[in-house]
Amino acid sequence: MNSEYNFAYLDEQTKRMIRRALLKGVAIPGYQVPFASREMPMPYGWGTGGVQVTAACLTPDDTLKVIDQGADDTTNAVSIRKFFEKTAGVAVSDETAKATVIQTRHRIPERDLSENQIIVYQVPIPEPLRFLEPRETETRKMHALEEYGLMHVKLYEDIARHGHIATSYAYPVMIEGRYVMDPSPIPKFDNPKMEMAALQLFGAGREQRIYAVPPYTKVVSLDFEDYPFEKGGATQGCGLCDAQDSYLDEMIMDDSGARMSVCSDSDYCRERRDAGYVGEMGVPQKTVTEDAA
Amino acid sequence: MTPLLKVENISKYYGNRLGCRNVSFDLYPGEVLGIVGESGSGKSTLLNCLAGHQEPDTGEVIFDTRVDGPKDTITMPEPERRMLSRTDWAFVHQNPRDGLRMSVSAGGNVGERLMAVGERHYGNIRSVALDWLDKVEISEDRVDDRPSEFSGGMQQRLQIARNLVTAPRLIFMDEPTGGLDVSVQARLLDLLRGLVRELGLSAVVVTHDLAVVRLLADRLMVMKDGHVVETGLTDQVLDDPQHAYTQLLVSSVLQV
């Protein structure tokens, strides 16, 4: 750890300010709390909100995991993990089970989270009503007065145009029967997981908003009676670990367009392969270790 | 009989400038009140104060609500007033762009109010929307088109359908035929007249077009410089104007 930085980069006053916003967010699940977002040493859109929330939550005993689209080894995840290694000196891990704080972009890990974990989401646009009602003054009033008819207009438009609800990510949810919330651009596949044991915190740096979903809060994906919410997902198993219940990424393998579907949650996939599961295109783990030896 | 809308001493100032002053009237169920006057005479200010878009400086707007009976809409809590304005009230803007969501399909526009009051069945919403499009003479195959692809007259008719879908009892109209050519105007007026009679709507229509009030309104209120200068039955006011300004207004109409 570089001692020229305050622990976790932000100064203590700023962290207290963010914690106050977090407490308010937890007290009013789904409500967007304004906070004085700081300039961070990374561009907006790279997780400045999530990083500030993580910085305010971290203690020296924490173990941090950072994922981007489910993977630990993508640029965004690697950079943020290194950032906290340098400025906070906390332990880091790729293993979901070991982490106490998980910062994520666009995914919720496949493995169930526990009560002693916190998951921090990076949020680009916190306002679910933004694209239908551009005026923030008006959308705040709509939240205050629970006027959420407009959210269903968006779903109506989907059905009218595509024959089904075509919104597949950032799918709006109703929190504890009160606030409509943007779950950040996670696939709708992950929506049912949001009723979880861990504390969920959301940070939007550019938009200067924080919101939260406390453990075991009721999270309902919006839908119509005759077009109920469907989480979707792949029909085949993961090419490497044969998981049938996991969210898959499609990879193009060569110039002739061969494809492979693999778990987007890289840790989940590794865990399964270590446990001996082998997918259609996978190589048994043992052989790999023998080769390496 | 309780008036549907009882307006008492509405005044609105913009700083030192007068918007409208001491306007009072009663509107009974099924009645259409026309408000005429030149630009800047305070008619739109008055209408906005009545519909809750602006807060008047003094006065009361007492609406006969379905549940609680007569209630002052200016002092009532905002959630309740907004609920009124998407159920029992309707507001037709002069420019359909102000009253429609231009990026949402015609069906979505009509269905919005239904969804706002809790309808959650796509099939029902869609069939009501189609039904209303039919009523305002928009063909069914345009239901998924956006209003930006519609002509001005169609947009105005769509705005009317969008407003009437929750079966409001009171409809505010601000120059509903402004900016439309005369033949389209005539058809729109015909449609409005039919709907008002058929559904037993009460309406407050603001316009500077005397022909519109002649066709639509039972009673007429003439405004000048923020004051009401003359009121009466429409035919009486137009055929036998008493106030000098009303006489000027009536005599200024171009005869074809």
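Here is how names work: the chains are called A, B, and so on, in the same order as the sequence lines, proteins then strands, and each is numbered from 1.
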**Q.** Ring center gap for A/Tyr169 and A/His106 short of 6.0 angstrom
**A.** no

Q | Charged N-O contact under 4.0 Å between A/Glu147 and A/Lys141 | A | no

**Q.** chain B contact via A/Leu132 - which portion, at a heavy-atom distance below 4.5 Å
**A.** both

Q | Contact origin within A/Ile159 toward chain B - heavy atom pairs under 4.5 Å | A | both

Q. Which region of B/Ser103, side chain (C-beta onward) or backbone (N, CA, C, O), has a non-hydrogen atom less than 4.5 Å from a non-hydrogen atom of chain A, or is it both or neither?
A. backbone

(Q) If the threshold is 4.0 Å, N to carboxylate O, is there a salt bridge linking B/Asp88 and B/Arg66? (A) yes

Q. Which of parallel (below 30°), tilted (30 to 60°) and perpendicular (above 60°) describes B/Phe91 and B/His53?
A. tilted

Q. Does the pair B/Asp190/B/Arg187 count as a salt bridge with the N-to-O cut at 4.0 Å?
A. no

Q. Side chain, backbone, both or neither: which part of A/Tyr227 has a non-hydrogen atom closer than 4.5 Å to chain B?
A. side chain

Q) Heavy-atom distance under 4.5 Å to chain A: side chain of B/Arg86, backbone, both or neither? A) side chain

Q. What residue, out of B/Gly118, B/Gly123, B/Gly107, has the most heavy-atom pairs lying under 4.5 Å from chain A?
A. B/Gly107

